[in-house]
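Values reported hereafter were calculated over all heavy atoms of this structure, with side chains retained and with hydrogens, waters and symmetry mates removed.
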Amino acid sequence: MMKNKKWMALFLCAVLAGTVSAAGCGGDSSAEETQETEAKEYTEEELRGSMDGVTLTVGTSGLFGPFSYYDSDGETLIGYDIDLLADIQEILGFEIEGDIQAMDYSALTTSLAEGKLDIGAAALCATDERKEVMNFTEIYCDSGQVVMVNKNDDKGIAGVDDLAGMTVAVEKGTASHTYASKNLSDSTLEVHDTITTAYESLEQGLVDAVIQDGPGASFYIKTTGNTNLEIVGEEFNQGQAPYCVAVSKDCDYYDEINAAVKLLIENGTTDELYATWCE
């Protein structure tokens, strides 16, 4: 998995160049400019409290540890993205309407596209397709995909090049789903609404492999007792799943939200979040 500090240098170069980059988790993705026009720049003093009195609707998935998932009580959302949203809120001063809304990826992206949510953070990737219907902030983290197998099954799978003729599970609407649809024409794809059921299918030997983002796969293995799953081969498709905060095109506060994310990148907060949740 690519380290966040490695990407920090790229982030700072983008900031100095005055660009706004992003890329995505479903559809074609690239680390190109997210906005057609350059986002407004703010000093930290200008940002602090600039959205006092504003109320926003905020969404996440709750199904993608370590970025957004439920604590052991089954009710409290925790993770990298939950802390990131809290840091953005602390800088800008806005209120969240009700609670952060948790939903699957399809519902989350649809809600953002239709303006039913103002902000979404759930390891979301800024695909070219999504950029048509929503805006994205600076990239705050990046990953490639990995292959997961059941270590009790001897299928001879040592990496992504060994998946021809295999049944491969992916989560609907993710970068893994997009990659598999485009590149694994000789495999049978089993598309799941959530990554949880994809993992369960592999645990039970119902599929031959799962393709998932590196951080999510590592987190599952690290936190699931007695799992039969393991990662094989090298990470692939790097640079195609950089994570950004999504902002509805109906939201008038993109510039402030993007500037807050940039500030958190520049002051090292995103590195600290990465160390806390991803290492």
Side-chain angles (χ1 to χ4, degrees), residues 1-4 6 23-29 61-70 72 74 79-80 104-106 122-123 125 127 141-243 274 277-279:
M1 173 180 173
M2 297 183 182
K3 296 295 185 183
N4 204 27
K6 178 180 177 181
C25 268
D28 293 334
S29 59
S61 75
L63 298 172
F64 194 81
F67 289 88
S68 171
Y69 65 105
Y70 286 98
S72 56
Y80 185 121
D104 64 37
Y105 273 100
S106 295
C125 309
T127 66
C141 190
D142 201 323
S143 77
Q145 273 72 56
V146 295
V147 175
M148 304 173 72
V149 299
N150 189 316
K151 56 191 175 186
N152 295 324
D153 295 334
D154 185 13
K155 301 289 181 65
I157 300 172
V160 68
D161 294 333
D162 298 320
L163 295 179
M166 303 293 178
T167 299
V168 180
V170 294
E171 182 180 9
K172 182 180 180 180
T174 62
S176 300
H177 184 193
T178 300
Y179 177 89
S181 298
K182 290 184 175 182
N183 297 283
L184 300 182
S185 58
D186 294 330
S187 304
T188 299
L189 294 190
E190 186 173 289
V191 182
H192 291 251
D193 287 334
T194 70
I195 192 60
T196 303
T197 57
Y199 290 147
E200 289 173 355
S201 289
L202 187 56
E203 293 275 16
Q204 297 168 18
L206 302 177
V207 297
D208 300 313
V210 164
I211 294 180
Q212 172 62 309
D213 287 5
S218 298
F219 178 80
Y220 175 82
I221 291 170
K222 182 171 68 175
T223 59
T224 304
N226 300 317
T227 180
N228 295 313
L229 306 193
E230 63 180 354
I231 295 170
V232 294
E234 299 295 325
E235 192 173 274
F236 59 95
N237 203 34
Q238 289 96 339
Q240 299 305 304
Y243 303 150
Y274 186 88
W277 294 105
C278 301
E279 292 183 343

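Residues Y105 and F64 are in side-chain contact: their nearest non-hydrogen atoms beyond the backbone lie under 4.5 Å apart. You'll find the side chain of I221 reaches within 4.5 Å of the side chain of I231, heavy atoms only. Looking at V210 and I195, their side chains come closer than 4.5 Å, going by heavy atoms from C-beta outward. Between M166 and I157, the closest side-chain pair of non-hydrogen atoms falls below 4.5 Å. At least one side-chain heavy atom of E190 sits less than 4.5 Å from a side-chain heavy atom of S201.
Of all heavy-atom pairs between Q212 and S176, the closest is CA-OG, 3.4 Å. Of all non-hydrogen atoms in C141 and F67, the two that sit nearest each other are SG-CZ, 4.0 Å. Pairing each heavy atom of G79 with each of Y69, the nearest pair is CA-CE2, 4.1 Å. Across Y70 and G62, no two heavy atoms sit closer than the pair CD1-O, 3.5 Å. Scanning all heavy atoms of the two residues, the minimum distance from V232 to G159 falls at CG2-N, 4.0 Å. The two atoms that bring S61 and S68 nearest to each other are N-OG, 3.7 Å, heavy atoms only.
Heavy atoms of other residues, nucleotides or ligands lying less than 6.0 angstrom from CD of E234 number 12 at most.
For the atom pair CG of D104 and CG of L63, the computed distance is 7.5 Å after rounding to the nearest 0.5 Å. One finds the CD atom of Q238 at 9.0 Å from the OG atom of S143 (value rounded to the nearest 0.5 Å).
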- Show the numbers, then the answer: is there a ring pair (Phe, Tyr, Trp, His ring centres under 6.0 Å) between Y243 and Y80? CA-CA 11 Å; Y243 303 150; Y80 185 121; 8.3 Å; no
TODO: Dump the intermediate steps for side-chain contact (heavy atoms from CB on, under 4.5 Å) on V168 and I211, then the final yes or no.
DONE: CA-CA 7 Å; V168 180; I211 294 180; 3.8 Å; yes
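Pairs of residues two or more places apart, or lying in two chains, that qualify as ring pair (Phe, Tyr, Trp, His ring centres under 6.0 Å) and include a residue from residues 173-200 are Y179-F236, Y199-Y220. Evaluation of the side-chain hydrogen bond (donor to acceptor under 3.5 Å, both in side chains) test over residues 153-166, restricted to residues two or more places apart or in two chains, returns K155-D208.
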Would you mind writing out the side-chain donor-acceptor pairs for residues 145-152 within the sub-3.5 Å range, not counting sequence neighbours?
residue, atom, partner, partner atom, Å
Q145, OE1, N237, ND2, 2.7
Q145, NE2, D213, OD1, 2.6
N150, OD1, N152, N, 2.9
N150, ND2, L202, O, 2.9
N150, ND2, E203, O, 3.1
N152, ND2, N228, OD1, 3.0

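With hydrogens and angles disregarded, no donor-acceptor distance shorter than 3.5 Å links the side chain of S187 to the backbone of L189. When atom types are taken as modelled, the side chain of T178 and the backbone of T174 share a donor-acceptor pair closer than 3.5 angstrom. A donor-acceptor pair under 3.5 Å links the side-chain atoms of T197 to the main chain of T194, judged by distance alone.
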